[in-house]
Amino acid sequence: VKVAEEALRFEAATLDRLEKEYPRKVAVAERELDVAGALWKESQTRLEVTRVRTEKAVTAAAAAVAAAKAVLVKAKEDNDRYQKLYEEKSVPQIRAEEAARTFGTASADHAAALARLDSAKADLGQTRIAERDVEVGRQTVDKATETLALAKLIDLQIEEERVKVEIRTAELAEARRAVDTALTQLQNCRVVAPFDGIVVKRYRSPGDNAPLGSPVISVYNPKLIYVTANMEEDRLEGIAPGNRAILWIERFGRRFTGRVVWTGEATGANFALVPRDVSTGEFTRVPQRVPVRIAIDPDDRLGRVVPG
């Protein structure tokens, strides 16, 4: 029973713990999933903004490079022509210098446009970073979803523990019934005397097997001491139930008094182990004795009177 009680107490404590942990873990997992979902959406929005911005920047920078290149080509052609005309003394020097400055400016603008294009193309790396952020966010959402699913599995554990608690309860009830049965059987094994008395003989010792109906001990009631006097048949005159009687016991110096309880209706020879057989006609007269039971009046010596 104690083992069954401990098992039931353990399963009940586990069930109580799971029932308390279940809503808390589910709530935490749901919050983590909401946060992960929000961060994932934010990373997706940031990726889209970054992609659009970088694509526009690259397109604008490429257009600027193309325009600067066109200006550079025209400025180079003008510079070459004016420099040749200047050598031929066909244009003034100021015109040749102005064409050279325009060509230099166009070259610088073209180089700056190329640098801006390279910078815009470099910004495409931010798009890849944003894509990685989106992937990380997706993985975080998947992990949070799995965590929530695992948290909800506690509900199954709760059902399992409830079944275990029911099983342990049934086992405890069965153990208690077994104990009650054992106690009943033990109670049935008790040998109870019908009265308070003194044991004068022990037929069985503790641990022995006693067949059904066999004696275990012999007891007598010290308050009901009696004497059986086997009186000769020719001395029964005046002996009847209720009559007073005087007894002498060799152990005691004073006599005892008593009263006749009953007289036998047959002689003791009829109940001998080997009754006398007179069917052959042989007969020898032997005085027959009739048992007479006499109850001893109680006095201060009665406790020292023992059977036999």
Side-chain angles (χ1 to χ4, degrees), residues 7 9-79 101-168:
R9 190 178 298 109
F10 174 77
E11 298 297 346
T14 303
L15 175 60
D16 182 67
R17 176 178 58 80
L18 291 176
E19 288 179 343
K20 291 180 179 179
E21 288 180 354
Y22 175 70
R24 183 170 62 253
K25 287 188 174 181
V26 170
V28 171
E30 288 177 345
R31 285 197 300 271
E32 291 179 352
L33 179 59
D34 292 339
V35 172
L39 293 176
W40 187 34
K41 290 182 179 179
E42 181 181 353
S43 64
Q44 288 177 323
T45 302
R46 188 164 55 251
L47 172 62
E48 188 64 25
V49 171
T50 302
R51 181 181 290 119
V52 172
R53 178 175 57 80
T54 54
E55 289 178 354
K56 288 183 177 180
V58 169
T59 302
V65 169
K69 186 176 181 179
V71 173
L72 176 61
V73 170
K74 184 178 182 302
K76 184 176 183 305
E77 292 175 351
D78 291 343
N79 182 55
R101 284 195 301 271
T102 302
F103 175 66
T105 302
S107 296
D109 291 341
H110 182 261
L114 288 174
R116 285 193 295 272
L117 178 60
D118 292 339
S119 177
K121 289 181 178 180
D123 289 341
L124 291 175
Q126 295 181 1
T127 302
R128 289 190 290 272
I129 294 175
E131 288 175 350
R132 286 196 297 271
D133 292 340
V134 170
E135 180 63 21
V136 171
R138 185 189 63 78
Q139 293 177 357
T140 304
V141 170
D142 292 342
K143 183 178 179 181
T145 303
E146 293 176 358
T147 302
L148 178 59
L150 290 175
K152 290 184 177 180
L153 287 178
I154 298 179
D155 192 27
L156 297 178
Q157 295 180 0
I158 290 175
E159 293 299 325
E160 181 181 358
E161 287 300 325
R162 286 174 179 168
V163 173
K164 289 183 179 180
V165 168
E166 293 177 357
I167 293 175
R168 295 294 182 264

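Heavy-atom minimum distance, Ser43 versus Val134: O-CG2, 3.3 Å. Minimum interatomic distance between Leu148 and Glu30 (heavy atoms only, all atoms of both residues): CD1-CG, 3.5 Å.
Contacts of Val28 classified as side chain to side chain contact (heavy atoms under 4.5 Å, CB included), with partners at least two apart in sequence or in another chain: Arg31, Glu32. Residues passing the side chain to side chain contact (heavy atoms under 4.5 Å, CB included) test with Glu135 are Arg138, Gln139, sequence neighbours excluded. For Glu166, there are no side chain to side chain contact (heavy atoms under 4.5 Å, CB included) partners two or more places apart in sequence or in a different chain. Taking the side-chain hydrogen bond (donor to acceptor under 3.5 Å, both in side chains) definition, one finds that Asp118 meets it with nothing, sequence neighbours left out. Residues meeting the salt bridge (Lys or Arg N to Asp or Glu O under 4.0 Å) test with Asp34, sequence neighbours left out: none. The side chain to side chain contact (heavy atoms under 4.5 Å, CB included) check on Thr145 picks up Leu33, Val141, with sequence neighbours excluded.
Two residues are said to be in side-chain contact when any heavy atoms from C-beta on lie closer than 4.5 Å; Leu39 and Glu42 meet this criterion.
The side chain to side chain donor-acceptor pair (under 3.5 Å) analysis of residues 54-63, with sequence neighbours excluded, yields the pairs Thr54-Thr127. For the salt bridge (Lys or Arg N to Asp or Glu O under 4.0 Å) condition, the pairs that include at least one residue of residues 156-165, sequence neighbours left out, are Glu19-Arg162, Glu159-Arg162, Glu160-Lys164, Glu161-Lys164.
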Side-chain donor-acceptor distances from residues 68-78 under 3.5 Å, at least two apart:
from: Lys74; atom 1: NZ; to: Asp78; atom 2: OD2; distance (Å): 2.9
from: Lys76; atom 1: NZ; to: Asp80; atom 2: OD2; distance (Å): 3.1
from: Asp78; atom 1: OD1; to: Arg81; atom 2: NH1; distance (Å): 3.4
from: Asp78; atom 1: OD1; to: Arg81; atom 2: NH2; distance (Å): 2.9

